[in-house]
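Within every chain, numbering begins at 1; the chains are lettered A, B, ... in the order of the sequence lines, protein sequences first and strands thereafter.
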Amino acid sequence: MTPFQKSVYRATMRVPKGSVTTYGRIAKSIGSLGAARAVGNVLNKNIDTVHIPCHRVVCANGKVGGYVHGQREKIRKLRHEGVVIKKGRVDESHIIDV
DNA sequence: GTTTTGACACCCG
DNA sequence: TCGGGTGCCAAAA
């Protein structure tokens with residue numbers, strides 16, 4: 001596992017339940033500004049959704065983005081944690097910096 | 001060493 | 001608000 005991937009996973013685990021962050025912000029927080037896309041790639045390769053809450057990572061514009069188990073499932077999980085989602089978009093108030 | 005691939009971000013019309 | 005095009009980055013082939 002590359003150090004970049006470890007950083008991404010660590011950052012992802014920092015996101016508190018009931019809140020979400022964006023790919024770009026994760027990238028910035030681990031010192032790889034502009035690597036939003038690369039971050040997505042890492043999460044995609046990760047199948048270990050049990051140990052890593054990758055469903056709390058969304059797009060900067062509030063769009064949900066993808067998920068290994070399907071977008072539907074991702075949204076369902078988020079709503080389950082109390083995150084408000086309207087028409088496939090996460091409410092801004094839940095998007096935070098870590 | 002070079003090319004391809006994405007779970008993005010940003011700008012423009 | 002929405003779609004399309006462009007730029008960016010790290011990994012894997």
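Between the P atom of dA7(B) and the CG atom of Asn61(A) lies a distance of 16 Å, rounded to the nearest Å. In this structure, the CE atom of Met1(A) is 15 Å from the C1' atom of dA12(C), given to the nearest Å. Straight-line distance from the NZ atom of Lys45(A) to the C1' atom of dA10(C): 8 Å, rounded to whole Å. Atom-to-atom, CG of Asp48(A) to C1' of dA7(B) comes out at 16 Å; the value is rounded to the nearest Å. Note: OH (Tyr9(A)) to P (dA11(C)) measures 10 Å, nearest angstrom. What separates CD of Gln5(A) from C1' of dG6(B) is a distance of 14 Å, to the nearest Å. For the pair Leu33(A) CG and dC8(C) C1', the computed distance is 10 Å after rounding to whole Å. Atom pair Ile52(A):CD1 and dA7(B):C1' shows a separation of 14 Å (rounding to whole Å applied).
Proximity of a side-chain donor or acceptor of Thr21(A) to a complementary backbone N or O of Ile96(A) within less than 3.5 Å is detected.
Taking every side-chain heavy atom of Thr2(A) into account, dA11(C) is the closest of dG6(B), dA11(C), dA9(B). Minimum atom distance to the side chain of Asn41(A) is reached by dT5(B), of the listed dA12(C), dT5(B), dA9(B). Distances were taken from every side-chain heavy atom of Ala35(A) (C-beta onward) to each of dC9(C), dA12(C), dC10(B); the shortest belongs to dC9(C). Distances were taken from every side-chain heavy atom of Tyr67(A) (C-beta onward) to each of dA10(C), dA7(B), dC2(C); the shortest belongs to dA7(B). The side chain of Ala36(A) has dA9(B) as its nearest neighbour among dA7(B), dA11(C), dA9(B). With dA7(B), dC10(B), dA11(C) as the candidates, the nucleotide lying closest to the side chain of Asn44(A) is dA7(B).
No engagement by Arg25(A) is indicated, since no non-hydrogen atom pair under 4.0 Å with the nucleic acid exists.
Distance check: Lys28(A) NZ to Thr22(A) OG1 gives 8.5 Å after rounding to the nearest 0.5 Å.
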Inset, instruction - Check step by step if side-chain contact (heavy atoms from CB on, under 4.5 Å) holds for Ile75(A) and Tyr67(A). - result: CA-CA 9 Å; Ile75(A) 294 177; Tyr67(A) 192 55; over 6 Å; no

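Glu81(A) pairs with exactly one of Arg56(A), Arg76(A), Lys74(A) by the salt bridge (Lys or Arg N to Asp or Glu O under 4.0 Å) rule, that one being Arg56(A).
Residues Arg14(A) and Ser29(A) come closest through the heavy atom pair NH2-OG, 3.8 Å.
Looking at Arg37(A), its side chain comes within 3.5 Å of the base of dC8(C) through a donor and an acceptor atom. Applying the 3.5 Å distance criterion, the base of dA7(B) shares a donor-acceptor pair with the side chain of Tyr23(A).
Considering only side-chain N and O atoms, Thr22(A) lies nowhere under 4.0 angstrom from the phosphate OP1 or OP2 of dC8(B).
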